[in-house]
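All remarks here apply to the structure that follows.
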Amino acid sequence: MSKNYTAHPMAFIHPEAKIGNNVQIGPFCVIGPNVTIGDDCIFHSNVVVDGHTTIGKGNKFFQFGSIGAPPQDNSYKGEPTETIIGDNNTFREYVSIHRGTLKQDKKTVIGSNSLFMAYCHIAHDCTLGNNLTFANSVNLAGHVNIGDRVIIGGNTGISQFVTLGRGAYIGGGAGIDRDVPNFCTAMGNRVKLKGINIIGLKRQGNSKEIVSEVVDFYRTMEASALSPRAFVSHPELMDEFKNNAIVQEIAAFIKKSEIGIAPFMAD
């Protein structure tokens with residue numbers, strides 16, 4: 001293919017790599033043979049992109065990043081699994097993203113329009129949504145699922161198979177070993193639910209009445225002697241919230257959780 005990108009003379013780009021238009025590749029970057037890069041991406045310096053990796057448009061990779069590296073999993077034997085990255089993300093210094101394994105869908109997937117601050121790690125088979133903010137040193141184990149518009153504070157570790165629902169807000173230094181429902185706030189090691197992400201709901205254009213009803217639902221569920229799954233499974237308890245789409249979304253998340261919901265702060 002014709003060369004419509006710029007690369008420092010000390011960058012190594014495999015001739016079989018597919019590079020889009022207006023891509024900038026800095027010194028000491030290494031781009032492997034099975035890599036596809038969309039238009040307008042920037043690789044500062046010392047970024048390694050390996051494996052079967054597909055990168056969308058407008059992404060920025062800062063120095064010493066490792067993208068599409070083999071998973072840290074003893075079962076991996078070099079299979080051609082994938083790393084897939086969307087558009088307009090920023091990956092700051094020392095971010096590492098590992099390709100998938102055969103244990104799940106054979107791919108690690110990251111959406112679009114997110115910020116990953118320095119030293120973040122995305123392990124094999126993770127699936128991440130859009131518009132995320134990961135502060136410094138957020139570390140994901142394998143098979144983690146993150147919904148859209150989640151914010152995670154620095155130095156947070158997330159165990160295997162955890163799901164964070166869309167709009168969740170996680171305080172810094174958390175150790176997460178249970179699911180956190182949509183639009184909930186959580187903190188601590190081990191993590192506990194603290195309340196509702198009111199600011200996040202308002203930013204999504206929800207009315208004051210809807211937000212207040214979501215908060216009432218959370219407080220009622222927290223005060224109940226029932227577990228969250230039992231609470232949302234009782235029609236008589238959920239009837240007053242039946243017209244609130246956010247509450248119904250949270251209830252569906254709780255019912256679907258396989259590893260269980262984080263306990264309430266008051267527990």
Side-chain angles (χ1 to χ4, degrees), residues 114 126-135 138-141 143-267:
S114 295
C126 288
T127 301
L128 278 57
N130 305 310
N131 300 291
L132 309 176
T133 301
F134 285 22
V138 171
N139 291 286
L140 274 58
H143 310 279
V144 170
N145 291 282
I146 309 288
D148 295 342
R149 299 186 181 278
V150 171
I151 298 174
I152 305 177
N155 297 302
T156 291
I158 304 180
S159 298
Q160 296 94 332
F161 301 103
V162 163
T163 298
L164 305 184
R166 78 178 185 101
Y169 183 96
I170 309 298
I176 305 178
D177 59 351
R178 293 289 184 270
D179 293 344
V180 177
N182 304 25
F183 291 106
C184 286
T185 61
M187 61 186 298
N189 186 0
R190 294 296 194 232
V191 74
K192 292 188 176 183
L193 301 180
K194 191 175 188 299
I196 291 296
N197 183 7
I198 295 173
I199 293 175
L201 284 169
K202 289 180 177 179
R203 286 176 177 172
Q204 294 301 299
N206 292 287
S207 68
K208 181 179 179 180
E209 291 73 22
I210 289 175
V211 174
S212 295
E213 194 170 42
V214 174
V215 172
D216 288 344
F217 159 75
Y218 178 91
R219 290 175 176 170
T220 303
M221 181 172 60
E222 181 182 28
S224 172
L226 299 172
S227 69
R229 187 186 301 274
F231 183 91
V232 300
S233 297
H234 276 67
E236 66 275 16
L237 298 176
M238 295 295 294
D239 185 65
E240 64 177 297
F241 307 109
K242 63 183 179 182
N243 295 321
N244 189 304
I246 300 297
V247 170
Q248 295 304 314
E249 190 177 322
I250 295 172
F253 181 100
I254 293 171
K255 291 178 181 178
K256 187 178 178 181
S257 174
E258 295 183 0
I259 67 171
I261 302 300
F264 295 108
M265 189 70 69
D267 289 352

At their closest point, which heavy atom of [X] faces which heavy atom of [Y], and how far apart are they?
| X | Y | answer |
| --- | --- | --- |
| F253 | L164 | CE1-C, 4.4 Å |
| A141 | C126 | O-SG, 3.1 Å |
| N189 | G173 | CB-O, 4.1 Å |
| A135 | G153 | CB-C, 3.8 Å |
| L132 | S114 | N-OG, 2.8 Å |
| K242 | Q248 | CA-NE2, 3.4 Å |

Verdict with supporting geometry, I176 and V144, side chain to side chain contact (heavy atoms under 4.5 Å, CB included): CA-CA 11 Å; I176 305 178; V144 170; over 6 Å; no
Counting only heavy atoms not in [X], do more than 12 fall under 6.0 Å of its [atom1]?
| X | atom1 | value |
| --- | --- | --- |
| R219 | CZ | no |
| I199 | CD1 | no |
| F217 | CZ | yes |

What distance separates [X] [atom1] from [Y] [atom2], expressed to the nearest 0.5 Å?
| X | Y | atom1 | atom2 | answer |
| --- | --- | --- | --- | --- |
| T163 | E258 | OG1 | CD | 8.0 Å |
| F231 | M238 | CZ | CE | 6.5 Å |
| E213 | T220 | CD | OG1 | 10.0 Å |
| I196 | F183 | CD1 | CZ | 9.5 Å |
| R149 | N131 | CZ | CG | 4.0 Å |
| R178 | K192 | CZ | NZ | 12.5 Å |

Within the distance-only criterion (no hydrogens, no angle test), does the side chain of [X] pair as donor or acceptor with the backbone N or O of [Y] below 3.5 angstrom?
| X | Y | result |
| --- | --- | --- |
| R229 | I261 | no |
| N197 | G167 | yes |
| N206 | V211 | no |
| D148 | R166 | no |
| N139 | G157 | no |
| T185 | G195 | yes |

Intermediate values then yes/no, side chain to side chain contact (heavy atoms under 4.5 Å, CB included), I246 and N182: CA-CA 8 Å; I246 300 297; N182 304 25; over 6 Å; no
Pairs satisfying side-chain hydrogen bond (donor to acceptor under 3.5 Å, both in side chains), at least one member in residues 230-241, at least two apart: none
Close side-chain approach of L201 and I210, heavy atoms under 4.5 Å: no
Trace of the side chain to side chain contact (heavy atoms under 4.5 Å, CB included) decision for I170 with V138: CA-CA 11 Å; I170 309 298; V138 171; over 6 Å; no
Centroid-centroid under 6.0 Å between F264 and Y218 rings: yes
Test side chain to side chain contact (heavy atoms under 4.5 Å, CB included) applied to V150 and V180, step by step: CA-CA 11 Å; V150 171; V180 177; over 6 Å; no
